*Asks:* 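Here's a structure for you.
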Amino acid sequence: MAKDPQTPLDEELARQEEEAEPQAQEGELEAAIEGAEEAEQVAREAEASDNPEAEVLAARVEELEQSLAEAKDQALRAAAEAQNVRRRAEQEAEKARKFALERFVKELLPVVDSLEKALEAMGEDATEAHREGVSMTLKMQHDVLGKFGVEMVEPHGEPFDPQYHEAMAMVPNPELEPNTVMDVMQKGYLLNGRLVRPAMVVVSQAAG
């Protein structure tokens with residue numbers, strides 16, 4: 001069966017239908033985009049809206065973060081305190097090691113003083129062997145003390161220092177500067193830099 005020829009009216013109607021189809025598709029696409037935008041906006045509003053459960057969780061998270069920060073701070077403080085305690089213990093142990101012999105040294109010094117006085121008091125009638133024996137014994141005593149950190153304080157001719165010297169007398173002496181050690185009556189001693197016994201001295205003062 002032959003197809004009826006189209007009249008100009010039919011052609012115009014067909015043309016309008018073809019033009020209407022893309023317009024309809026474009027309208028549907030715009031509606032879909034608007035719907036998606038509206039859905040996204042609703043989702044954002046839902047997230048921003050008050051949610052008791054979400055607020056509780058957020059508060060709990062904040063509380064846990066604060067507890068974690070406090071725990072870290074306490075751990076750091078504890079580590080620092082432990083380090084300080086260890087350092088103090090090491091210092092005390094080192095101090096005890098250095099000065100454990102202090103009492104022994106104090107008890108031994110009078111023996112050294114006696115040997116020095118005996119050597120000084122020897123007259124011409126003393127034999128050379130006797131003199132040499134006492135001198136060697138005194139030297140051995142000084143050597144042994146030196147091995148354990150004992151130093152002698154013999155400040156003859158030095159300025160008077162009250163930290164290490166004890167003034168037994170002050171004598172006018174125009175030949176010396178005031179507060180100069182003129183004579184040492186008894187030597188002083190240090191143990192690893194700490195004063196064990198001050199030197200007993202005679203100090204000069206200005207004449208007149």
Side-chain angles (χ1 to χ4, degrees), residues 69-208:
E70 292 177 354
K72 287 182 178 179
D73 183 66
Q74 291 178 359
L76 290 175
R77 291 177 181 272
E81 181 63 23
Q83 186 176 3
N84 291 335
V85 170
R86 183 169 59 253
R87 187 181 298 110
R88 286 195 297 268
E90 291 174 354
Q91 291 174 351
E92 291 296 328
E94 180 67 13
K95 187 183 297 184
R97 184 188 67 80
K98 282 185 176 181
F99 305 113
L101 296 176
E102 185 170 354
R103 288 187 60 186
F104 176 73
V105 171
K106 285 183 177 180
E107 294 294 331
L108 190 60
L109 290 181
V111 179
V112 177
D113 295 337
S114 297
L115 289 172
E116 290 177 345
K117 290 178 180 179
L119 188 61
E120 292 173 0
M122 285 184 179
E124 295 180 356
D125 56 339
T127 63
E128 186 64 26
H130 189 194
R131 187 183 300 277
E132 185 176 353
V134 175
S135 179
M136 290 295 296
T137 303
L138 179 60
K139 183 179 182 303
M140 289 175 62
Q141 289 278 9
H142 285 153
D143 290 344
V144 170
L145 291 173
K147 288 181 180 179
F148 291 94
V150 179
E151 303 173 60
M152 184 172 57
V153 179
E154 210 285 327
H156 189 277
E158 298 178 2
F160 176 75
D161 187 347
Q163 292 185 347
Y164 300 103
H165 311 152
E166 182 178 351
M168 305 304 294
M170 298 189 70
V171 178
N173 190 334
E175 298 179 359
L176 295 174
E177 291 289 334
N179 293 324
T180 300
V181 176
M182 294 174 51
D183 188 23
V184 179
M185 301 175 64
Q186 187 180 72
K187 296 175 183 178
Y189 287 89
L190 304 173
L191 175 60
N192 292 313
R194 178 192 285 182
L195 184 67
V196 175
R197 189 183 73 182
M200 297 181 181
V201 299
V202 178
V203 183
S204 65
Q205 65 180 6

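Count residues from 1 along the sequence. Here the structure is a predicted model, which means the values were calculated and not measured.
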*Asks:* How about Val150 and His142: do any of their side-chain heavy atoms sit closer than 4.5 Å?
*Replies:*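 They are not in contact (no side-chain heavy atoms under 4.5 Å apart), so the answer is no.
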*Asks:* Distance check, rounded to the nearest 0.5 Å: Leu119 atom CG versus Met136 atom CE?
*Replies:*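 If I round to the nearest 0.5 Å, the distance is 12.5 Å.
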*Asks:* Between Glu102 and Lys95, is there a side-chain N and carboxylate O pair less than 4.0 Å apart?
*Replies:*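 No.
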*Asks:* So, do Val201 and Glu158 sit near enough that their side-chain heavy atoms are less than 4.5 Å apart?
*Replies:* no
*Asks:* Rounded at 0.5 Å granularity, tell me how far NZ in Lys106 sits from CG in Leu108.
*Replies:*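 With rounding to 0.5 Å, NZ (Lys106) is 13.5 Å from CG (Leu108).
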*Asks:* Once rounded to the nearest 0.5 Å, what's the spacing between atom CE of Met122 and atom CD of Glu128?
*Replies:* 10.0 Å
*Asks:* I want to check something: taking the side chain as every heavy atom from C-beta on, are Asn84 and Arg87 in contact at a cut-off of under 4.5 Å?
*Replies:* yes
*Asks:* Quick one: OG on Ser135 to NE2 on His130, what's the gap to the nearest 0.5 Å?
*Replies:*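 Rounded to the nearest 0.5 Å, the OG-NE2 separation comes out at 11.5 Å.
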*Asks:* State which residues pass salt bridge (Lys or Arg N to Asp or Glu O under 4.0 Å) with Arg103; sequence neighbours excluded, sorted by chain then number.
*Replies:* none
*Asks:* Working to the nearest 0.5 angstrom, can you tell me the gap between Asn192 CG and Glu94 CD?
*Replies:*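 Reported to 0.5 Å precision, the distance equals 8.5 Å.
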*Asks:* Provide the closest heavy-atom pair for Phe148 versus Leu191 in the form atom of the first, atom of the second, distance.
*Replies:* O-CD1, 3.4 Å
*Asks:* Output yes when a side-chain donor or acceptor of Ser204 lies under 3.5 Å from a complementary backbone atom of Glu177, and no otherwise.
*Replies:*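 Yes, because the side chain of Ser204 sits within donor-acceptor range (under 3.5 Å) of the backbone of Glu177.
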*Asks:* Just wondering, do Arg197 and Val105 contact through their side chains at under 4.5 Å, heavy atoms?
*Replies:* no
*Asks:* Answer yes or no: is there a side-chain heavy-atom contact under 4.5 Å between Leu145 and Val112?
*Replies:* yes
*Asks:* Could you tell me whether the side chain of Gln186 reaches within less than 4.5 Å of the side chain of Asp113, counting heavy atoms only?
*Replies:*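 Counting from C-beta outward, Asp113 and Gln186 do come under 4.5 Å.
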*Asks:* Does any N or O in the side chain of His165 come within less than 3.5 Å of the main-chain N or O of Pro198, such that one atom is a donor and the other an acceptor?
*Replies:* no
*Asks:* Heavy-atom count check: over 12 atoms from other residues, nucleotides or ligands less than 6.0 Å from Met152 CE?
*Replies:* yes
*Asks:* Would you call Met182 and Glu175 a side-chain contact if the rule is heavy atoms closer than 4.5 Å?
*Replies:*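 The answer is no, as the side chains (C-beta and beyond) never meet within the 4.5 Å cut-off.
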*Asks:* Any idea which heavy atoms bring Phe160 and Val203 closest together, and the distance?
*Replies:*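 Here Phe160 and Val203 meet closest at CD1-CG2, 3.5 Å.
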*Asks:* Would you please test Asp73 and Arg77 for salt bridge (charged side-chain N to carboxylate O under 4.0 Å, His left out) and show each step?
*Replies:* CA-CA 6 Å; Asp73 183 66; Arg77 291 177 181 272; 2.8 Å; yes
*Asks:* Report the distance from atom CD of Gln83 to atom CD of Glu81, rounding to the nearest 0.5 Å.
*Replies:* 10.5 Å
*Asks:* Around atom CE of Met185, are there more than 12 heavy atoms from other residues, nucleotides or ligands closer than 6.0 Å?
*Replies:* no
*Asks:* Quick check: do Pro155 and Asp161 have side-chain heavy atoms less than 4.5 Å from each other?
*Replies:*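 The answer is no; the side chains never approach within 4.5 Å.
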